[in-house]
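So that the names make sense, note that chain A is the first sequence line, chain B the second, and so on, each numbered from 1. As the structure is a prediction and not an experimental result, all values here were calculated from the model.
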Amino acid sequence: MNDGIIPYSSTAHQIANDFLANQLDIDELYNFYISRVNKNKAKTNSLTFFSDELVHAQLKQLKQLKEIAKKDDLPLAGVPIIIKDNIVDRDMPTSCGSRMLEGFRSGYDATVVQKLREAGAIIFAKANCDEFAMGSTNEHSYFGSVKNPWDVTKVPGGSSGGSAAAVAHDLAPVSIGSDTGGSIRQPASFCGIFGLKPTYGRVSRYGLVAFASSLDQVGPFARNVKDLALTYDVIKGFDEKDSTSVRSINESSCFDELGAMTDLKGLKLGCVVELRDSKLKPDLKKAYLNACDQLKKLGAKVVDISIPSLSNAVAAYYVLASAEAASNLARYDGVRYGYSGNDVDNIDDLYKSSRSQGFGKEVKQRIMLGTFVQSMGYYSSYYGKAEKYRNLMKEEFKQAFTEVDLLISPTCLSTAFKLGEKNKDPLEAYLTDIATVSANLVGIPALSMPIGFDDQNLPVGMQLMGPWYQESMILQAAYQYEQKNNYWHSRTPSI
Amino acid sequence: MSQQTKYETVIGLEVHCQLSTESKLFCSCPTNFGADVNKNTCPVCLGYPGALPVFNEKVIEYAVLFALGVGAEIKPKSYFARKQYFYPDLPKGYQITQFDKPYCEGGGILLSSGKKINLIRAHIEEDAGKSIHAEEYSYIDLNRAGIPLLEIVSEPELRTAAEASEYLKKLRMLVKYLGISDANLEEGSFRCDANISLRKHGDLEYGTRCEVKNLNSYRHIEQAIHYEVLRQSDLLDNGEKVVQQTLLFEESSGKTKPMRGKEDAHDYRYFSDPDLKAIVVSSDLVLQVKARMPKLPDQVYQHFTGNLGLTHQDATVLSSDKNVANFYEQLLTNLDSKLNEKQIANWLIETYLPASQQFSWDLAKPEISIDAFTSLLVMFSEGSISSTAAKKVFLYMIETKKTAKECVTELGLDQVNDKSVIVETVRKVLADNALQVEELKSGKQKVYGYLVGQVMKSSKGKFNPKLVNQLLQELLDEYK
């Protein structure tokens with residue numbers, strides 16, 4: 001692969017296409033990716049597990065599958081895909097960025113992984129993440145911080161920081177992350193790539209290690225919209241193993257529909273004023289307004305829209321997410337699997353030592369918070385109130401989507417910040433999630449796309465939020481924008 | 001025992017009844033009892049990371065059957081909640097149960113006294129695993145984890161240990177009739193916790209209650225209640241207070257002991273389980289279940305006493321178990337009036353059931369089948385064997401597993417109905433016992449039985465006793 005594929009130009013749809021048409025030497029492609037990973041993985045620390053043996057074993061199976069399967073059934077044939085370390089698979093460990101699950105092997109495939117395999121993908125590596133997906137910087141991983149490939153002194157965002165950094169750095173063309181309050185969109189924005197959080201219930205959560213069950217959703221990262229849509233099409237769909245997954249609504253192929261629009265005429269975009277007029281730095285605001293202009297040029301109508309309940313979204317989010325997290329993480333007790341405390345005399349000591357040594361600070365903080373907000377005497381003033389707030393937000397978003405087709409906002413109020421910068425004050429770190437948490441609270445699909453760079457040459461992202469089950473519309477709009485503004489061919493990370 | 005009259009005992013029972021679905025509540029693991037330790041497990045019931053619960057819809061049917069059986073109100077929509085606490089046999093760190101929105105409320109169980117014990121509610125939940133405490137370590141078996149349970153909560157309307165015990169027996173009979181549970185006390189598929197408190201007669205407020213756990217036989221329940229009544233009344237008599245706590249019944253001593261580590265009031269932080277949707281019970285489903293509702297014990301009892309004219313005692317025995325009731329009704333059909341209802345009931349109660357208990361037959365498929373027992377009774381009803389002979393034959397059938405007919409032949413018990421043969425013997429007996437005949441004539445009626453006995457004895461019990469009786473009377477008349 002010396003001259004054939006240039007780094008950053010290999011795309012998932014091309015790989016699948018060429019491989020199925022026998023126009024690609026798959027072994028050569030993987031020699032390239034394997035050596036690229038081995039050479040580069042330490043630079044960003046984006047991976048927690050990689051084994052070329054496992055890759056070769058899968059390749060062998062894939063070649064056999066290719067002979068017997070129909071081409072249409074293998075939309076991701078030969079595509080290397082990196083999986084966030086909180087999604088289980090049968091071969092690799094799933095550690096969730098935690099000492100608690102260091103080296104833990106589940107022995108079964110998440111539905112998402114199973115679907116990717118069936119579509120011909122190679123489950124390539126496991127991506128580093130914040131511990132149990134809690135964090136916005138990827139500094140809360142037991143396996144060390146992930147670094148932003150655009151500037152290794154900066155964070156890649158979180159919690160799916162490894163998935164985002166790896167794709168931005170082309171360790172693979174696509175990756176899978178999970179998004180509970182922005183964990184796909186924010187790192188996508190910080191790393192200058194595309195990330196999609198689907199509608200709640202669209203993608204099976206079976207095999208995704210739960211953080212906050214009513215908010216968690218699995219989604220893809222890619223460097224272009226086509227790959228994003230292609231991967232999303234593969235992983236979406238009803239799964240009987242997940243009771244919250246939805247039965248077929250708008251199941252048509254988003255990939256096939258990407259070209260349905262030729263411009264954005266007739267599309268009404270609502271620019272969320274609460275997020276635009278907040279403390280956006282001038283260079284970010286410039287990039288954002290510039291992108292709004294581009295969208296207008298493509299024919300979209302951009303209007304201001306207000307969603308007042310956003311003011312309390314972060315508070316409601318941290319109450320609900322932490323409460324569910326405290327419950328979901330109760331199973332890590334050192335009894336059956338995972339980290340188990342030593343030298344204990346009784347069961348209470350076992351719990352205490354396993355959990356205080358197995359979990360990191362951020363996770364413990366959220367377990368404490370989550371336990372508090374559901375405890376006797378505080379339940380109604382915290383958890384109950386947050387639930388009410390969530391319902392109110394749903395109503396406001398429903399109303400907003402009667403007025404506009406999509407909502408747009410900056411994905412984050414900043415670009416990637418320095419490693420260690422937001423470690424001191426958790427409250428300040430939590431508040432940076434203001435633009436992203438509402439999509440999880442109300443369950444709507446949302447996408448982050450790169451729209452340029454700030455003064456420090458760090459990527460800036462724009463968020464598109466759509467009504468429930470309208471992923472295709474969001475992807476089409478992003479695709480139209482991308483066709484006219486493709487930053488990936490003008491600039492790439494320099495490391 | 002003055003205490004027992006001074007205070008009124010107030011008892012409320014919580015019953016945990018395993019539903020006999022083939023698979024667990026939230027995964028497809030089997031539910032059979034006695035499997036190898038931790039064999040019936042999977043990522044879901046082991047609480048593995050990433051695994052999710054999926055509701056076993058079959059459980060709804062069972063739950064609805066129960067609700068209809070006790071006349072409870074079925075909620076069209078109810079929800080699962082997480083009850084959060086740490087325990088090694090609770091794999092997820094929470095139990096999936098129902099909290100403020102159970103699937104059914106109300107209903108009741110009628111005691112034989114006519115008193116109705118109302119139910120507060122019943123709800124669906126998952127069972128926990130089993131902890132086996134050894135000296136140095138405790139061991140965990142998670143086969144039971146995730147088996148569907150019905151928790152059935154009574155109002156505190158029971159007043160005596162006997163009432164509590166009857167309530168449980170009735171409840172257990174009901175779930176077995178409904179076919180929704182094995183309700184096996186020893187295997188733990190029917191378990192009971194009792195809330196016991198005392199108050200002065202006439203008081204409207206309840207006293208402080210204690211919850212007694214680990215009650216797995218009727219005897220234990222009665223013992224525990226008696227013990228608690230004594231313990232609590234002693235406290236109250238001495239001016240002390242009953243402390244609200246969870247107690248464990250100790251089989252060896254028959255006493256209750258505080259449960260270690262459970263003293264504190266728990267904050268279970270219940271909240272709606274975000275992994276599961278609402279349980280929806282449509283009116284269509286209720287109708288479907290209603291249509292295939294089996295007859296309930298009280299209905300069967302009414303039928304046996306009212307329509308068939310059985311005594312209270314016989315009807316109680318025959319309606320106490322669905323299989324016994326079915327057995328009886330099948331015998332009625334098979335024998336088609338060859339014997340009357342009372343006779344058949346007697347044969348079943350006096351002959352068949354004692355044997356079935358002695359040899360622990362499963363009455364759903366007993367060793368002596370209904371048909372085999374029918375053919376024995378047919379032979380009796382036709383007079384080809386006496387009742388004494390029939391009983392002998394029955395025991396021989398159990399021993400040899402042969403048919404009634406074969407057994408009769410092998411035992412040489414074929415009954416003699418030939419009048420000329422019988423008459424000859426009777427004459428001989430009368431001739432040999434002239435003295436006794438004289439006594440009879442002079443009014444000593446007792447001697448009649450002796451003469452019958454002599455005739456039967458010389459026939460080795462094979463003569464038809466009715467004919468012996470008839471012919472003896474006739475010949476004695478001649479002597480007069």
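For the pair R121(B) and D100(B), the salt-bridge criterion is not met [side-chain N within less than 4.0 Å of a carboxylate O]. Ion pairing between a basic and an acidic side chain is recognised when a charged N comes within 4.0 Å of a carboxylate O; D275(B) and R205(A) show such pairing.
Options G47(B), G50(B), P43(B) differ in how many heavy-atom pairs under 4.5 Å they form with chain A, and the most are formed by G50(B). Among the candidates L215(A), N328(A), I87(A), D348(A), the residue making the largest number of heavy-atom pairs closer than 4.5 Å to chain B is N328(A). Annotation: maximal heavy-atom pairing with chain B below 4.5 Å, among Y351(A), Y379(A), Y383(A), occurs at Y351(A). Taking L329(A), D242(A), N346(A), V335(A) one by one and counting their heavy-atom pairs under 4.5 Å with chain B, the maximum is reached by D242(A). Interface remark: of the candidates S327(A), C96(A), A330(A), A210(A), S327(A) forms the most heavy-atom pairs closer than 4.5 Å to chain B. With chain A as partner, the option from G93(B), C27(B), P88(B), P53(B) having the largest number of non-hydrogen pairs under 4.5 angstrom is P88(B). Counting heavy-atom pairs closer than 4.5 Å to chain A, the top-ranked of the candidates Y48(B), Y94(B), F55(B) is Y48(B). Comparing G334(A), S106(A), S375(A) by heavy-atom pairs within less than 4.5 Å of chain B, the highest count is held by S375(A).
Both the backbone and the side chain of P91(B) come within contact range of chain A, with heavy atoms under 4.5 Å apart. Interface remark: T111(A) contributes no atoms to any contact with chain B (heavy atom separation under 4.5 Å). With a 4.5 Å cut-off on non-hydrogen atoms, Y200(A) touches chain B through its side chain but not through its backbone. Of the two parts of T371(A), the backbone and the side chain both hold a non-hydrogen atom closer than 4.5 Å to a non-hydrogen atom of chain B. Of the atoms belonging to I347(A), it is side-chain heavy atoms, and not backbone ones, that fall under 4.5 Å from chain B. Heavy atoms of F271(B) lying under 4.5 Å from chain A belong to its backbone as well as its side chain. In this structure, chain B has a heavy atom under 4.5 Å from the side chain of L101(A), while its backbone stays farther away. For Y206(A), the parts lying under 4.5 angstrom from a heavy atom of chain B are both the backbone and the side chain. Proximity to chain A is absent for every atom of Y137(B), based on heavy atoms less than 4.5 angstrom apart.
Side-chain contact, S253(B) with E250(B): a donor N or O sits under 3.5 Å from an acceptor N or O.
Atom OH of Y382(A) has 12 or fewer heavy atoms from other residues, nucleotides or ligands within 6.0 Å. Annotation: F238(A), atom CZ; neighbour count of heavy atoms from other residues, nucleotides and ligands within 6.0 Å is above 12.
In this structure, Y332(A) and Y337(A) have perpendicular ring planes: the angle between them is above 60°, well past the 30° mark. A perpendicular orientation is assigned to the rings of Y268(B) and Y270(B), their planes being inclined by more than 60° (bins at 30° and 60°).
Counting only residues at least two apart or in different chains, salt bridge (charged side-chain N to carboxylate O under 4.0 Å, His left out) contacts with residues 364-388 of chain A comprise E362(A)-R366(A).
Partners of P156(B) under the side chain to side chain contact (heavy atoms under 4.5 Å, CB included) rule, at least two apart in sequence or in another chain, are V10(B), Y206(B).
Ring centroids of Y103(B) and F80(B) are separated by 6.0 Å or more, keeping the two rings apart.
Of the residues Q95(B), K24(B), R191(B), the one that meets the side-chain hydrogen bond (donor to acceptor under 3.5 Å, both in side chains) test with D127(B) is R191(B).
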